[in-house]
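Structure record follows, encoded as structure tokens.
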Amino acid sequence: MATEQGAKEALMPNPMHQFEIKRLFNWELGGIDASFTNSALFMVLAVVVSSAFLILSVRGRNMIPGRMQSISELLYEFVRNMVRDSTGPKGEKYFPFIFSLFVFILVINMLGMLPLGHYSFTPTSHIIVTFALAALVFVGVTVIGFWKHGIGYLRLFAPSGVPWFMMPIIVPIEVISYISRPVSLSVRLFANMMVGHTLLKVFGGFVGVMGIYGIGPILLMIPFTALEILVAFLQAFVFAVLTSIYLNDALNMHDH
Amino acid sequence: MPPEDDKYSSNKAQNPRTEPHEMQQRLDDVQKRIDKMSPNDEKNLPNMKRVGTTRQSSGRALQVGSDLIAGVVVGGLIGYGLDVWFDTKPLWLIVFFMLGIIAGLANVLRSARILQKEQGELVASGELDLGQDLTEPQDDDEKD
């Protein structure tokens, strides 16, 4: 069994190989390794692709939109409704940020689904990338909260209607819950992307090993790929929804 | 539709630069007119509404897991930090670990409720594992 497995191992590509960071060119910035990697390349690509698409597709400004313009408008309205529903009129100002965040993550996830062989890469399958995004949201929301409510923002940690003797327990729990937001936000996106991609690669590995019976895993991979595209969309959406929910907490504290 | 369109486009031509609240007012205006023309129009974004119908339990596990783990990890780290600071080795770690578990569970409940609501709206038609409780059951031919 063990030797058989060893022989098969050679046929199967390592499912974790796709997450490898490769340096495209080296760059040292004040003693810090700021090399341009494939991860950075895909993030730049996502910015370029999404900006180019959104700018070019609405350039016509037609009253009756064409196909491309419809996609952009659909995307815009979709995020807009979501932001308006969860933050109300006060959140209107922050819509551009949430829209950018959503489109950025969505395009990164979708670019990661492109079958580019060894060049294929999904930055959101690295927790440091998702954590950076989540930390940006966390710091931003906290700053907005203190800016709007001053020191009163701390009341967020002491929900009304809780008897005073429960406070020593409730307050630490609320604080932990608040601090854990960026962690859960980043872990959710990262775990979903990484697990899905690994699963697909493992199935892909089976195809080579099983010879003619490889048709089985291929058939299985079709729905899984569809599911993965769905997850790529849904996770970008979930990230944006939770961001606007957190923003709502900071803007309209009484809702909490 | 055409006369309404004309009104809107001429309006737009008169003042191309508008403040956000004006914009909001105008958009609400337009929305009201659209609603008047097509009452009970639930068919916006037909494709997006079906997103998530095939959501699997593995996705739900990750959803719940990340919240729970985040609470426990943050609680544990705070406890460990306090222990290092005050040199009271296991005391705060134990206390905050337990608080972290509770906070994690609270996270799970909270974000489950949020996502259930949002995804329930997103998939107002069709079955959805995550949002079953809040989406009213509707007949859908595309159920498998």
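Chain letters run A, B, ... following the sequence lines, proteins first and then strands; every chain starts at 1. Keep in mind that this is a model prediction, so the values were computed, not measured.
Residue B/Ile78 touches chain A through its side chain alone, counting heavy-atom pairs closer than 4.5 Å. Looking at A/Leu185, there are no atoms closer than 4.5 Å to chain B (heavy atoms on both sides), in backbone or side chain. Heavy atoms of A/Leu242 lying under 4.5 Å from chain B belong exclusively to its side chain.
With a 6.0 Å cutoff to the six-membered ring centre and a 45° limit on the axis angle, A/Arg181 counts as a cation-pi contact of A/Tyr246.
Most heavy-atom pairs under 4.5 Å with chain A, from the set B/Val73, B/Ile102, B/Leu77: that is B/Ile102.
Of all heavy-atom pairs spanning A/Phe239 and A/Leu189, the tightest one is CD1-CD2, 3.8 Å.
With A/His126 as the fixed residue, the ring pair (Phe, Tyr, Trp, His ring centres under 6.0 Å) test singles out one of A/Phe121, A/Phe131, A/Phe190: A/Phe121.
A/Phe206 and A/Phe203 have perpendicular rings, their planes meeting at more than 60° on a 0 to 90° scale where under 30° would count as parallel.
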